[in-house]
Amino acid sequence: MSDSREKEVVGAVHPQLFIGGQWRDAEGGRTFAVEDPSNGATLVEVADASVADGKAALDAAVAAQTDWAATPPRDRGEILRKAFEIITERADELALLMTLEMGKPIKEAKAEIAYGSEFFRWFSEEAVRISGRYSVAPNGATRLLTLKQPVGPCLMITPWNFPLAMGTRKIGPAIAAGCTMVVKPAALTPLSMLRLADILTEAGLPDGVLNIVTTTSTGKVMEPLIRDPRLRKLTFTGSTEVGRTLVEQSAEGLLRVSMELGGNAPFLVFDDADIDRAVEGAMLAKMRNIGEACTAANRFIVHEAVAEEFGTKLTEKMQALSVGRGTEDDIDVGPLVEAKQRDKVAELVDDAVGKGATVLTGGSAPEGEGYYYSPTVLSDVPLEARLAKEEIFGPVAPIFTFTEEADALRMANDTEFGLVAYAFTSDLSRAVRIYEGLETGMVGLNQGIVSNPAAPFGGVKASGFGREGGAEGIEEYLETKYVGIAL
Ligand code: NAP
């Protein structure tokens with residue numbers, strides 16, 4: 001990819017705050033640097049919002065709410081549909097921008113553009129299907145009318161690992177439902193979201209419906225918004241630790257809250273599984289997004305009779321991956337997002353090895369610039385290793401073994417998290433026992449990927465609550481009102 005093309009793509013972004021349909025500088029002209037994780041170079045300086053800027057964004061969302069809620073559903077849906085089409089046309093440009101700010105290989109970025117834009121297509125269709133109910137009260141004396149109305153102004157806080165899709169799966173249903181919003185993308189990767197604001201404007205989104213605030217004073221700028229009585233909903237995707245704080249803050253205003261938090265996905269392989277298929281699934285579940293996904297398989301729990309075969313085949317696949325700057329052709333594994341993330345992955349691997357795990361491949365960070373970590377497979381990992389409990393968020397596959405089905409299920413559920421689990425088996429009865437017994441919001445049965453705009457994405461336990469996508473996704477942005485009608 002040429003340097004001039006990269007400059008052109010970054011240069012197309014407005015590195016400012018987007019408030020009430022206007023691009024503007026942060027108070028005092030403050031900015032912060034967004035860097036390319038493949039070499040640490042600054043891509044662009046972006047507006048660094050103050051508390052007053054954050055409040056201005058909420059003011060704009062509140063001012064636009066009434067008119068937006070009254071906009072015909074078909075019009076709201078058409079805006080989403082148009083935005084979906086523009087994103088699709090500009091997929092190459094948007095993918096390059098995403099790779100530059102986040103590091104993921106260009107093919108992964110394209111996959112995210114396709115996945116993220118699908119939420120706009122899906123919710124463009126849902127916008128015109130919001131309906132209620134009419135019934136006769138049991139005593140026949142009154143009529144019961146149930147209707148759905150937009151929740152009202154929303155605050156959306158998103159993480160760096162999917163810079164576009166984590167936004168579109170909130171923005172899509174909010175637009176469809178008739179809610180206005182303030183979006184706060186991650187400081188590490190705000191560029192995709194800023195570019196999306198231009199696309200939605202081009203698609204006809206009225207001023208004030210979408211407002212974007214970028215900041216490094218995150219807690220200070222967000223807390224007053226969460227405590228502002230005009231805000232009606234908080235939706236957050238990020239770590240469990242931050243999610244807990246935000247739930248506490250949202251208690252004051254008794255906000256509607258959705259929390260998409262961390263994961264620690266178990267990946268179960270039974271001795272009756274098709275091992276080649278399980279390995280294919282493992283590569284997807286582990287290596288999508290360089291392992292920096294909440295859905296990433298964190299613990300491979302493999303029957304002892306097939307553990308060696310599974311480990312050998314997985315190692316071969318991991319060794320075949322090419323590591324390098326995501327913009328280069330045919331790269332499978334880009335850099336991790338920042339030095340801190342790479343160091344955490346290294347620490348978890350060192351801890352596991354120190355406690356007795358065997359390195360089948362990888363196990364270290366390559367020399368040179370950029371925050372790379374080599375694709376790694378560990379076998380014989382003891383349950384005391386930190387990575388049995390903590391989210392790895394990197395290209396590391398630890399293999400644990402089991403003998404009895406009941407032990408596999410117990411090990412899978414032995415975590416505070418409950419986002420997703422994967423299970424590979426060819427025994428139907430076992431499959432039913434396993435997916436019913438797993439304490440997670442989602443299960444991938446004989447498949448290594450679950451994300452789908454037409455399905456309800458979300459977790460249980462410390463992975464949060466609320467669902468994004470599917471028929472459930474729009475409900476998060478709707479209130480139910482009941483009218484009792486006297487005869
Ligand atoms: P994070 O540190 O929790 O940050 C997520 C977002 O919250 C960022 O925009 C961050 O802003 C903001 N934030 C941080 N502290 C805040 C505060 N005190 N008040 C308000 N906002 C605050 O998480 P991350 O490292 O970006 O993302 C990785 C985590 O997200 C992983 O745990 C992963 O599992 C989870 N995740 C979950 C899902 C899901 O759907 N369940 C999907 C993707 C990722 P700054 O950028 O300024 O810090």
Side-chain angles (χ1 to χ4, degrees), residues 32-35 46 48-49 51 54 101-102 104 112 115-116 119 155-170 182-193 212-227 231 234-250 257-265 288-298 336-338 340-341 344-345 390-394 415-420 440-442 450-453 455-469 473 476:
F32 66 92
V34 177
E35 73 171 39
V46 168
D48 194 352
V51 172
E101 66 172 337
M102 191 272 174
K104 67 177 73 182
E112 182 181 341
Y115 169 59
F119 285 97
L155 176 60
M156 307 176 168
I157 303 178
T158 58
W160 50 263
N161 61 342
F162 292 96
L164 184 87
M166 296 304 101
T168 55
R169 63 185 197 178
K170 299 178 189 306
V182 176
V183 180
K184 208 295 292 171
L188 287 169
T189 59
L191 306 184
S192 297
M193 195 50 59
I212 300 184
V213 170
T214 49
T215 185
T216 54
S217 311
T218 308
K220 250 169 66 192
V221 175
M222 292 297 106
E223 188 170 352
L225 301 192
I226 296 169
R227 295 190 189 277
L231 188 76
L234 168 65
T235 168
F236 172 76
T237 299
S239 61
T240 295
E241 189 191 355
V242 173
R244 284 197 174 104
T245 304
L246 300 185
V247 169
E248 276 179 33
Q249 291 174 3
S250 67
V257 180
S258 308
M259 287 281 144
E260 298 286 353
L261 307 177
N264 179 355
R288 179 173 175 232
N289 221 39
I290 326 167
E292 294 174 314
C294 54
T295 50
N298 213 64
L336 297 177
V337 75
E338 56 177 344
K340 204 169 76 184
Q341 188 62 34
K344 186 192 159 202
V345 171
E390 295 178 37
E391 213 177 8
I392 304 170
F393 246 55
T415 165
E416 65 165 330
F417 297 104
L419 188 61
V420 59
T440 56
M442 302 176 284
V450 291
S451 303
N452 190 317
F457 187 106
V460 299
K461 295 163 69 179
S463 293
F465 44 82
R467 293 295 180 265
E468 293 188 323
E476 304 277 330

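Indexing begins at 1, ligand by ligand and atom by atom, following the structure's order.
- A heavy-atom distance below 4.5 Å is found between the side chains of Ile157 and Leu234.
- Close approach of ligand 1 to Met166 (heavy-atom distance below 4.0 Å) involves ligand atoms 42 (C), 43 (C).
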message: Does Arg288 form a side chain to side chain contact (heavy atoms under 4.5 Å, CB included) with Thr295? I'd like the steps, not just the answer.
response: CA-CA 9 Å; Arg288 179 173 175 232; Thr295 50; 3.7 Å; yes
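- In terms of protein heavy atoms, atom 38 (C) of ligand 1 is closest to Cys294 SG, 3.0 Å.
- Scanning the protein heavy atoms around atom 23 (O) of ligand 1, the nearest turns out to be Ser239 N, 3.4 Å.
- Of all the heavy atoms of Glu223, none lies under 4.0 Å from any atom of ligand 1, so neither backbone nor side chain is involved.
- At a 4.0 Å cut-off, not a single heavy atom of Lys340 sits close enough to ligand 1 to count as contact.
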- request: Decide side chain to side chain contact (heavy atoms under 4.5 Å, CB included) for Phe236 and Met222; before the verdict, give the C-alpha distance in whole Å, the side-chain angles of both, and the deciding distance to 0.1 Å.
  value: CA-CA 12 Å; Phe236 172 76; Met222 292 297 106; over 6 Å; no
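- What sits closest to atom 7 (O) of ligand 1 on the protein, heavy atoms only, is Phe236 CE1, 3.1 Å.
- Residue contacts with ligand 1 for Glu260 involve both N, CA, C or O and side-chain atoms from C-beta outward (heavy atoms, distance under 4.0 Å).
- In terms of protein heavy-atom proximity, atom 27 (O) of ligand 1 is closest to Pro159 CB, 3.4 Å.
- Close approach of ligand 1 to Ile157 is summarised as follows: ligand atoms under 4.0 Å from at least one heavy atom of the residue are 6 (C), 7 (O), 9 (O), 12 (C), 20 (C), 21 (N).
- On a distance-only criterion, Ala187 and ligand 1 share at least one N/O pair closer than 3.5 Å.
- Within the listing of ligand 1, atoms 41 (N) sit less than 4.0 angstrom from a heavy atom of Leu419.
- Protein heavy atom in closest approach to atom 24 (P) of ligand 1: Trp160 NE1, 3.4 Å.
- In terms of heavy atoms, Met166 sits closest to Thr237 at SD-CG2, 3.9 Å.
- When all heavy atoms of Lys104 and Asn161 are compared, the pair lying nearest together is NZ-O, 3.2 Å.
- Residue Glu391 touches ligand 1 through its side chain alone, judged by heavy-atom distances below 4.0 Å.
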query: Which is it for Lys344 and Glu390 under the side chain to side chain contact (heavy atoms under 4.5 Å, CB included) test, yes or no, and what are the steps along the way?
result: CA-CA 10 Å; Lys344 186 192 159 202; Glu390 295 178 37; 4.2 Å; yes
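- Glu223 places no side-chain N or O within donor-acceptor distance of the main-chain N or O of Gln249, the cut-off being under 3.5 Å.
- The nearest heavy-atom contact from the protein to atom 9 (O) of ligand 1 is Thr158 O, 2.7 Å.
- Closest non-hydrogen pair, Ser463 versus Leu419, comes out as OG-N, 3.1 Å.
- Each of Asn452, Val420, Val460 was evaluated against Met442; a single residue qualifies, Val420, per the side-chain contact (heavy atoms from CB on, under 4.5 Å) test.
- Of the protein's non-hydrogen atoms, the one nearest atom 40 (O) of ligand 1 is Arg169 NH2, 2.6 Å.
- Checked by atom type and distance alone, the side chain of Glu112 pairs as donor or acceptor with a backbone atom of Ala165 at under 3.5 Å.
- Here Thr295 has no heavy atoms under 4.0 Å from ligand 1, in either its backbone or its side chain.
- Contact atoms of ligand 1 toward Met222: 20 (C) (distance under 4.0 Å to a heavy atom of the residue).
- Taking all atoms of both residues into account, the shortest heavy-atom contact from Thr240 to Leu261 is OG1-CB, 3.4 Å.
- Of the N or O atoms in Thr216, none lie within a sub-3.5 Å distance of an N or O in ligand 1.
- Within 4.0 Å of atom 4 (O) of ligand 1, not a single protein heavy atom is present.
- Near Phe457, meaning under 4.0 Å from any of its heavy atoms, are these atoms of ligand 1: 39 (C), 40 (O).
- Near Asn161, meaning under 4.0 Å from any of its heavy atoms, are these atoms of ligand 1: 43 (C), 44 (C).
- Leu336 approaches Val345 most closely through the heavy-atom pair CD1-CG2, 3.8 Å.
- Under the 3.5 Å distance criterion, with hydrogens and angles disregarded, no donor-acceptor pair is assigned to the side chains of Lys170 and Ser258.
- Contact detail for Leu155 and Ile226: the closest heavy-atom pair is CD2-CG1, 3.6 Å.
- Backbone and side-chain nitrogen or oxygen atoms of Lys184 are examined, and one is located within less than 3.5 angstrom of a nitrogen or oxygen of ligand 1.
- Between Thr218 and ligand 1, at least one N/O pair is under 3.5 Å apart.
- Shortest contact from atom 19 (N) of ligand 1 to any protein heavy atom: Leu246 CD2, 3.5 Å.
- For Thr237, no nitrogen or oxygen atom sits less than 3.5 Å from a nitrogen or oxygen atom of ligand 1, counting backbone and side chain alike.
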- request: Could you walk me through whether Asn289 and Met102 pass side chain to side chain contact (heavy atoms under 4.5 Å, CB included), step by step?
  value: CA-CA 10 Å; Asn289 221 39; Met102 191 272 174; 3.8 Å; yes
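- Taking only nitrogen or oxygen atoms, main chain and side chain alike, Leu261 reaches within less than 3.5 Å of ligand 1.
- For ligand 1 and Phe393, the ligand atoms under 4.0 Å from any heavy atom of the residue are 28 (C), 31 (C), 33 (C), 34 (O).
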- request: Go through Arg467 and Glu476 one step at a time and tell me if the salt bridge (Lys or Arg N to Asp or Glu O under 4.0 Å) criterion holds.
  value: CA-CA 7 Å; Arg467 293 295 180 265; Glu476 304 277 330; over 6 Å; no
